[in-house]
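In what follows, residues are counted from 1 in the order of the sequence shown. All of these numbers come straight from a predicted model, not from anything done at the bench.
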Amino acid sequence: MDTLQGTGNLYADTGQGARVCFAPGLPLPLLWIYALSVVLAGSLPHLPPLPPVGIAGVVICLVCLAAPGCRRLLPAVLVAVVGFNWGLWHNHQAMERRLPMSAYGQDFTLDVEVVSLPQVREEPGRSATTGTSASLRFTAQVLAGQDAESDGLDFAGELLDLTWYRAPADIQAQLRCGSRWRLALRLKRPRGSVNPHGFDYEGWLLRRGIYATGYVRPRDLPPRNLGAVPGLAALRQHLKDTLWAQHPRRPELLSALLLGDRSGLSRADRQLLQRTGTAHLLAISGLHVGLVAGCLLLLGGVLGRLWGIWRGCSPTYLPAALAVPGCFVYTLLAGAPLSAQRALVMVCVLLFAWRWRLAPGFAFALALAIVLTLQPLAFYSAGFWLSFVAVAALLLSFTNRVRIRAGADSPASMVLAGARARGADLLRSQWAIFLALLLPSLFFFSGFSAGGALVNLIAIPWVGLLILPSLLCGALLVTTPLGPPCLAFAGWQLDLLMDMLAKTQALHIAWQSEGLVLAIPGILCAAGSALLLLMPRGLPGRGLGWLFFAAVLLPWIRPAGEPAGLQVTALDVGQGLAVVVRTPEYQLAYDTGPRSATGWSAGSAVVAPYLLGEGSRDLDSVIVSHADLDHAGGLDGVMALLDVERIVAPGELAARYGHDFLRPTERCIGGGVENHGALQVRWLWPRSAAVSGAENDDSCVALLNWHGVRILLAGDISAAAERQIVHLYPDLPPVDLLVAPHHGSRSSSSPAFVRWAHPDYVVFSAGFRHHFGHPHAEIVARYRAAGAHLLNTAASGAVKIVWRPGQLSPVVNVARDSGPFWIRASNDLP
């Protein structure tokens with residue numbers, strides 16, 4: 001084998017006129033240094049000022065240039081300085097392109113263009129006389145002009161995430177992607193709840209470049225439709241309307257697959273896709289862009305061969321010339337989500353590497369560097385890790401592997417051998433992806449699909465070879481007689497696919513809820529074990545990789561994540577309440593947070609992920625203080641993801657939950673006492689078992705005692721109930737922690753109650769600058785005068801307080817003190 005040198009790379013002549021690059025030389029480590037520098041700039045807890053950092057970088061480069069012994073390091077240092085400063089500049093810009101906190105909750109009148117397909121959420125229970133009412137969620141871009149400036153703020157070109165509550169039917173018909181409106185808006189700075197192991201809504205908005213969130217106020221100013229303008233947004237709306245007008249089967253799935261519009265998916269379909277490990281099939285990502293690229297490469301190859309038959313010379317560039325613009329157009333039609341943008345970059349780099357025979361490792365590093373240049377904060381998203389980890393696993397599994405086949409005696413045996421080889425490659429690819437994505441799935445989604453690899457063996461080729469090509473042909477030919485049959489065929493195939501997934505789910509081999517409870521050394525060991533299993537057979541020590549499963553499945557072998565003492569966590573659920581109490585022997589949740597009209601549940605989005613992330617798959621008790629949705633709305637989400645042994649609720653509410661959830665239920669009745677190891681639960685209220693459980697003063701009031709540490713959970717009781725509790729239990733010792741009644745409302749926390757409880761710590765669970773105004777300033781002053789340490793989830797995110805045996809004072813952790821830089825920067829008092 002001859003080698004060719006001269007460009008800094010090492011090539012090998014294959015004997016067939018092709019050159020394969022095995023080692024790209026110096027640029028490869030420089031690409032990795034650049035990428036890691038961008039990641040480092042985004043990983044800082046606080047952003048340092050840019051000018052001093054830039055000056056320091058220039059000084060370091062000059063020192064390396066002047067010192068003879070350091071000149072060899074100059075390329076690496078220069079690349080690191082450029083990457084770090086680029087990431088830092090981008091992060092500063094992202095933080096500055098947000099609505100100032102001084103303008104939080106203010107009203108503005110702006111001209112905007114709708115740039116996303118509006119999501120419609122029906123609102124049940126509305127009056128029939130006003131027509132069909134629904135909430136519309138959409139992204140809008142502020143138009144340039146005189147109206148774009150208000151109160152010293154320039155909104156021109158900024159993106160807003162908006163909601164139009166109770167939009168009448170005529171507005172639903174007019175508010176389309178590409179339409180322009182003059183609207184009265186109440187805007188808020190992007191902000192979300194912050195909880196351990198929870199979804200970072202604030203970071204998601206930051207990566208999308210959202211300037212503000214808010215809602216339309218049509219009563220302040222009648223909305224004015226300014227018409228629509230032709231463009232990409234209008235084209236996407238036209239395609240959606242045309243697709244639905246054909247009345248194919250499963251139009252909501254077709255719209256999600258073609259346009260990235262998942263607003264029409266039912267909750268049952270979303271759960272089915274998640275539990276079978278196929279949610280990626282309808283979330284526009286690298287899979288879809290890759291499938292489009294594959295179809296167009298195949299088409300380009302066929303056309304190239306036909307051209308060669310006709311003209312005697314096949315154009316080698318034709319497949320890539322079709323794939324690149326085709327993927328670009330598909331990404332635009334899908335709304336150019338960040339995941340599709342990353343996939344487009346990776347496809348372009350892959351085709352470039354394939355055309356110029358670049359080493360796979362170099363192409364991987366180049367794609368990583370380009371993605372982080374375009375999206376410096378992309379590494380915080382799950383899609384980034386899933387995409388690059390999956391590609392890395394495939395490269396490790398297939399690069400530089402040579403299959404040795406025995407000589408074939410006949411063409412039939414050659415075809416059979418080729419089919420077996422392709423089948424083995426397909427199985428190997430799915431195994432490699434499953435193995436590589438198991439850790440990221442546990443980390444980001446608190447679970448994995450046990451049968452996902454097998455299901456995807458069927459589902460991915462089904463979508464790639466039948467559904468997606470027919471859907472794209474139907475969209476392109478929708479105005480011709482061939483378009484409707486193609487759309488009908490794609491809808492029929494999607495319907496069959498969903499039926500197959502439903503039958504797979506019934507086999508109970510689908511989604512498994514499980515958190516990643518390993519510490520950093522354990523995660524590194526598990527990742528190293530997975531890496532060993534992806535190496536070629538025969539590698540010394542490869543069998544040790546099977547220890548990976550022992551590390552990941554440790555929670556089934558031995559309970560993990562048990563607290564060393566008493567942990568009380570008041571989760572950040574907005575205007576609501578969810579408290580998790582954990583001891584080595586017992587775990588309970590007091591309330592489960594709210595549920596919104598759009599289907600969002602704090603139980604499935606906050607409470608269950610927190611417990612799974614802490615290593616708990618079950619709860620001994622769920623206490624529902626009373627029936628208000630901000631306290632009980634998340635119960636169904638908790639029950640769907642965790643094993644709950646029993647439910648405790650007041651009066652008739654307990655009987656209702658027993659019927660709805662088929663679980664043992666008990667009533668909380670004042671005077672009752674329960675002992676669970678070292679944890680004692682003493683019920684103080686209500687006094688009767690005959691209450692409805694629907695009123696605030698029906699709330700279960702529990703006093704927890706663990707080795708002398710007293711925790712008081714008071715629900716939403718009012719001052720009237722507080723007076724009775726104080727009268728019934730006059731000799732109560734001071735409590736160590738009080739979760740303030742009714743979120744700190746002025747109607748609760750009476751002076752007598754505060755003196756009676758005399759808490760050391762008080763936690764308010766409230767929404768950030770919510771219109772209810774909790775906690776009330778008078779109540780805050782009352783607790784502060786009593787000498788209590790005050791904590792507010794609205795300002796600090798989730799609050800975890802830990803008491804350990806032998807320690808006099810608890811350890812207090814607040815979520816906004818340990819998050820990324822945008823979380824720490826938003827730790828503002830309401």
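- Take Glu96 and apply the salt bridge (Lys or Arg N to Asp or Glu O under 4.0 Å) test, not counting sequence neighbours, and it matches no residue.
- Not a single ring pair (Phe, Tyr, Trp, His ring centres under 6.0 Å) links His707 to another residue, sequence neighbours left out.
- Here disulfide (SG to SG under 2.5 Å) pairs that include residues 733-774, with residues two or more places apart or in two chains, number zero.
- For residues 672-702, the set of pairs meeting the disulfide (SG to SG under 2.5 Å) definition, not counting sequence neighbours, comprises Cys668-Cys700.
- Residue pairs satisfying the salt bridge (Lys or Arg N to Asp or Glu O under 4.0 Å) criterion with at least one member in residues 590-599, sequence neighbours excluded, are absent.
- Contacts of Asp618 classified as salt bridge (Lys or Arg N to Asp or Glu O under 4.0 Å), with partners at least two apart in sequence or in another chain: none.
- Sorted by first and then second residue, the pairs that involve residues 780-808 and meet salt bridge (Lys or Arg N to Asp or Glu O under 4.0 Å), not counting sequence neighbours, are Glu614-Lys800, Glu778-Arg782.
- Here salt bridge (Lys or Arg N to Asp or Glu O under 4.0 Å) pairs that include residues 679-706, with residues two or more places apart or in two chains, number zero.
- Without hydrogens or angle criteria, Ser688 side chain to Ala690 main chain gives a donor-acceptor distance under 3.5 Å.
- Not counting sequence neighbours, the partners of Glu674 by the salt bridge (Lys or Arg N to Asp or Glu O under 4.0 Å) test are Arg646.
- Residue pairs meeting the salt bridge (Lys or Arg N to Asp or Glu O under 4.0 Å) criterion with at least one member in residues 724-734: none, sequence neighbours excluded.
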Please set out all donor-acceptor pairs under 3.5 angstrom arising from side-chain atoms of residues 755-767, sequence neighbours excluded.
unit_1 : atom_1 : unit_2 : atom_2 : d
Trp756 : NE1    : Tyr729 : O      : 2.6
Asp760 : OD1    : His789 : ND1    : 3.3
Ser765 : OG     : Gly576 : O      : 2.6

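- Annotation: cation-pi pair Arg207/Tyr380 absent, no NZ/CZ under 6.0 Å from the ring centroid and within 45° of its normal.
- Here disulfide (SG to SG under 2.5 Å) pairs that include residues 607-642, with residues two or more places apart or in two chains, number zero.
- Look at Arg208 and Asp161 and you find a salt bridge, because one of the NZ, NE, NH1 or NH2 atoms lies within 4.0 Å of a carboxylate O, short of that distance.
- Checking side-chain atoms of Ser748 against main-chain N and O of Ile717 turns up a donor-acceptor pair under 3.5 Å.
- Between the Gln587 side chain and the Ser616 main chain, no donor and acceptor come within less than 3.5 Å of each other.
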